[in-house]
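We use all heavy atoms of the structure for the numbers below, so side chains are in, but hydrogens, waters and symmetry mates are not. Chain identifiers are assigned alphabetically (A, B, ...) following the order of the sequence lines, protein sequences preceding nucleic acid strands; residue numbering begins at 1 within each chain. All figures in this text were calculated on a predicted structure; none of them were measured in a lab.
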There are 2 protein chains.
Amino acid sequence: MHSFTEENYLKTIYAISLRQAGDVSTNALAEVTATKAASVTDMLRKLADKELIHYKKYQGVRLTEEGERLALQIIRRHRLWEVFLVDKLGFGWDAVHDIAEELEHIRSDELTARLDTFLGHPQFDPHGDPIPTQAGLMPETEYRKLSEVNEGEAVRLMGVLEHSTAFLQHLDRCQLTLGCAVTLGEINPFDRSVRVVSEAGLPIFVSHEVARNLLVE
Amino acid sequence: MHSFTEENYLKTIYAISLRQAGDVSTNALAEVTATKAASVTDMLRKLADKELIHYKKYQGVRLTEEGERLALQIIRRHRLWEVFLVDKLGFGWDAVHDIAEELEHIRSDELTARLDTFLGHPQFDPHGDPIPTQAGLMPETEYRKLSEVNEGEAVRLMGVLEHSTAFLQHLDRCQLTLGCAVTLGEINPFDRSVRVVSEAGLPIFVSHEVARNLLVE
DNA sequence: ATAAAAATTTAGGTAAGTCTAAATTTTTAG
DNA sequence: CTAAAAATTTAGACTTACCTAAATTTTTAT
């Protein structure tokens, strides 16, 4: 069996791999796991011994097939629990990350399977992130960033790239909820902020910083 | 904050205190926690430093008020999760203990409160054990053991004293479910086994060993 | 009452996961 | 191309929770 800590490293390696090409560096892992590079090195040696990562000293790491399978299993559990917390318990989408971070480590395939059924086999978590399948596949999504949409286009808000409480609460205050349809107004050439118009005709001003963290289709 | 392991010790001290008078011995704890007496002594010193138990060397331990408050909080979470697993996810009552053993350590008062509401503020877990209140009180129950009931009496099955999978599955096979009404037939004077009759008139033979692990009212 | 048995604690050690400081390797800049 | 900077690894140490073996205290039985 793998420890809580090992699972978190696998998940983190997967997450970093998604947003950058090439192997994952020791320092990048140290930053995300909030530990020191020396501690990361220790753990990498251990994960390599277990053949969960490909690791050559000084060269960074990448998950093996088995490592990726485990990472996706943990991400699946995390996202299913987030759906539970929001849909069933009524938590806000900005309040579930830390709790799901603990729940994801409960080790029971039957629990995961029953939870999935109970929730109605959801495809996406409350932040619009796709839920890996039981078979261990991450569903592909074809979303663009709102910051890449042209004036006049009509799009639907499908996900977020930033998961911080502060960002999600900002979206709540702007009434930008997942699934809402918006039409792009003019883009301010100075700061690239943009006005979008909701279904209800309500104008919402969105900074470039926010727009590039919103996924639309 | 208190570690996973510390929480388990508190819960175990509480559980042992319930079924025997006087202080809890080091050996009793070693047996239940499946560790060695020397390890228990280490942990007792730590819990005493944190003022969660009263501890005098060689004299056994008992929970302080704060220790009992924490123990009841953990038991509350355990039992609420068991209700969730059985009522919402459809697990059998014989399959939930180990999973709840992990879930009980998820540390979020809001999670516990919302789960309680979601489940409809249940008073008892799937084994008939009372769920401690949010205020930290263990509800009193006035159940007798089936082995102490007289011939001819009509009683209702309210709980179990033994929680093993084997015992619970045995009850399932006998169609002895919580809440079912039975009337006591004759008690065999040789082995103290007893015949009970269900509501449907079905006769069920119950060994003394089983009868003294069944709680009725 | 006291010696043997049982229970408990102390002493010293291990593994996991972390740390700091020092050594080493790789990358970058002139 | 090479020296300085940055990244990474190694060495040695700490904490938690556990262990075994030995010492100590309490209990039990004659």
Original post:
So, is A:Y55 close to the D:dT9 phosphate, meaning a side-chain N or O under 4.0 Å from OP1 or OP2?
Top reply: yes

Original post:
For B:Y58 and D:dT24, what is the distance between atoms OH and P respectively, to the nearest whole Å?
Top reply: 9 Å

Original post:
If you take all heavy atoms of A:P132 and A:R76, which pair is closest and at what distance?
Top reply: O-NH1, 3.0 Å

Original post:
In whole Å, what is the span from the CG atom of B:D49 to the P atom of D:dT15?
Top reply: 14 Å

**OP:** Kindly indicate whether the side chain of B:R77, heavy atoms from C-beta on, has any atom under 4.5 Å from the side chain of B:E7.
**Re:** yes

Subject >> Side-chain H-bond candidate by donor/acceptor type, A:N27 with A:S25, under 3.5 Å >> reply: no

Original post:
Separation of A:M43 atom CE from C:dA15 atom P, in whole Å?
Top reply: 16 Å

Original post:
Below 4.0 angstrom from OP1 or OP2 of D:dA6, is there any side-chain N or O of A:N27?
Top reply: no

Original post:
Which of residues 34-41 of chain B have a heavy atom under 4.0 Å from DNA chain D?
Top reply: B:T35, B:K36, B:A38, B:S39

Subject >> For A:L85 against A:A100, the heavy-atom pair lying closest together >> reply: CD1-N, 4.2 Å

Original post:
At what distance, to the nearest 0.5 angstrom, does CG of A:L29 lie from CG of A:N8?
Top reply: 11.5 Å

Subject >> B:R45 CZ - D:dT16 C1' separation (whole Å) >> reply: 12 Å

**OP:** Return the value, rounded to whole Å, for the distance between atom NZ of B:K56 and atom P of C:dT9.
**Re:** 13 Å

**OP:** Examine D:dT26: is either OP1 or OP2 under 4.0 Å from a nitrogen or oxygen in the side chain of B:Q59? Give yes or no.
**Re:** yes

Subject >> For atom CG of B:D23 and atom P of D:dT26, their distance in whole Å >> reply: 14 Å

Original post:
CD of B:E6 versus P of D:dT16: gap in Å, rounded?
Top reply: 9 Å

**OP:** Hey, can you tell me if B:H127 and B:H163 have their rings parallel, tilted or perpendicular (30° and 60° cut-offs)?
**Re:** perpendicular

Subject >> Out of C:dT8, C:dT18, D:dC18, whichever nucleotide has its closest atom nearest the side chain of A:D42 >> reply: C:dT18

Original post:
Within less than 4.0 Å of OP1 or OP2 of C:dT10, is there a side-chain N or O belonging to B:K57?
Top reply: yes

**OP:** Please check if any side-chain donor atom of B:E209 sits under 3.5 Å from a side-chain acceptor atom of B:S207, or the reverse.
**Re:** no

Original post:
What is the distance from CD of A:E31 to C1' of D:dT8, rounded to the nearest Å?
Top reply: 16 Å

Original post:
Would you say D:dC18 has OP1 or OP2 under 4.0 Å from some side-chain N or O of B:Y9?
Top reply: yes

Original post:
Looking only at side-chain N and O atoms, does A:T26 come under 4.0 Å of OP1 or OP2 in D:dT9?
Top reply: yes

